[in-house]
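Worksheet: one structure, shown below.
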Amino acid sequence: MYCSNCGEKVDEKAVICVHCGCELKKRSGRNGKGIASMVLGIIGLFYALCAFINIVDLGSYLDYANFSYQIGFAIGYVLIQSVLSVIGFILAMVERKTKKTGFNTAGFWLTLVTFVIIAIQFIIVVTY
């Protein structure tokens with residue numbers, strides 16, 4: 001690691017530069033997991049809302065008893081949004097153990113809302 005003030009090489013664990021006495025600023029780790037959880041939460045929520053709109057708007061026109069529709073719905077919407085939400089939720093929880101930043105908190109809540117929408121979709125399709 002190099003001192004940002006004098007440019008001399010210093011030990012990685014050093015807090016103060018031994019050459020100029022300047023306080024060394026450690027680079028904080030990137031928030032990759034938090035950002036990934038937020039992006040996955042947004043994509044999962046998008047799929048969940050698309051599926052919900054599909055159920056509500058087209059519910060009277062589609063035959064939910066049709067096996068091919070149920071399989072297509074399960075794979076096309078429920079599986080994709082569930083997998084994305086579970087991965088996003090896990091990433092958010094792992095990141096929240098170390099630091100609670102805006103990205104992982106947003107990812108946490110987005111995936112939680114997606115889980116609620118998935119449960120509502122499941123109830124609507126099963127009871128239809």
Side-chain angles (χ1 to χ4, degrees):
M1 179 168 98
Y2 294 93
C3 176
S4 60
N5 186 42
C6 67
E8 294 290 329
K9 188 171 183 176
V10 293
D11 186 23
E12 293 288 329
K13 297 176 185 175
V15 179
I16 297 174
C17 177
V18 295
H19 303 286
C20 68
C22 181
E23 182 179 353
L24 299 173
K25 296 180 182 176
K26 301 280 184 180
R27 287 187 181 178
S28 61
R30 294 187 181 209
N31 196 9
K33 292 177 187 172
I35 293 170
S37 70
M38 187 180 73
V39 170
L40 291 174
I42 289 169
I43 295 170
L45 186 62
F46 173 75
Y47 270 99
L49 292 175
C50 287
F52 191 74
I53 290 169
N54 185 21
I55 291 170
V56 173
D57 287 346
L58 302 176
S60 59
Y61 303 110
L62 296 175
D63 183 16
Y64 286 109
N66 185 351
F67 181 73
S68 63
Y69 178 79
Q70 290 175 344
I71 293 297
F73 180 80
I75 293 172
Y77 285 120
V78 177
L79 184 63
I80 291 173
Q81 65 192 357
S82 298
V83 168
L84 292 174
S85 297
V86 167
I87 293 171
F89 187 76
I90 291 170
L91 289 174
M93 293 307 293
V94 166
E95 192 72 15
R96 281 175 67 89
K97 286 183 180 179
T98 58
K99 55 187 168 191
K100 294 182 179 179
T101 61
F103 291 121
N104 55 33
T105 301
F108 172 79
W109 286 107
L110 284 168
T111 54
L112 209 60
V113 169
T114 304
F115 288 141
V116 170
I117 293 173
I118 291 170
I120 292 169
Q121 290 171 7
F122 181 75
I123 292 169
I124 290 172
V125 170
V126 169
T127 59
Y128 190 81

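Everything numeric in this text was worked out from a predicted model, so none of it was measured. Side chains included, hydrogens not; waters and symmetry mates left out as well; all remaining heavy atoms used.
Distance check: M38 CE to N104 CG gives 10.5 Å after rounding to the nearest 0.5 Å. Rounding to the nearest 0.5 angstrom, the gap separating the CG atom in L110 from the CG atom in L84 is 12.5 Å. Taken from CG in L79 to OH in Y47, the straight-line distance is 11.0 Å, to the nearest 0.5 Å. We find the CD1-OG1 distance between I117 and T114 to be 6.0 Å, quoted to the nearest 0.5 Å. To the nearest 0.5 Å, atoms OG (S85) and CD1 (I43) are separated by 10.0 Å.
Cluster membership for V116 and L45, using ILVMFWY side-chain heavy atoms within less than 4.5 angstrom, is shared.
Inter-residue side-chain proximity for Y2 and V10 is flagged as unmet; no heavy-atom pair is nearer than 4.5 Å. A 4.5 Å side-chain heavy-atom check between V86 and F115 finds at least one atom pair inside the cut-off.
Considering all non-hydrogen atoms of both residues, A92 and G107 come closest at CB-C, 4.2 Å. In this structure, C6 and C17 approach most closely via the heavy-atom pair SG-SG, 3.7 Å. When all heavy atoms of C20 and N5 are compared, the pair lying nearest together is SG-ND2, 3.4 Å. Shortest non-hydrogen contact noted between K33 and L91 is O-CB, 3.8 Å. When all heavy atoms of E8 and H19 are compared, the pair lying nearest together is CB-CD2, 3.2 Å.
Proximity of a side-chain donor or acceptor of Q81 to a complementary backbone N or O of A48 within less than 3.5 Å is detected. In this structure a side-chain-to-backbone donor-acceptor pair under 3.5 Å is present from T111 to F108.
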request  = Given side chain to side chain contact (heavy atoms under 4.5 Å, CB included), test I16 with C22 step by step and report yes or no.
outcome  = CA-CA 6 Å; I16 297 174; C22 181; over 6 Å; no

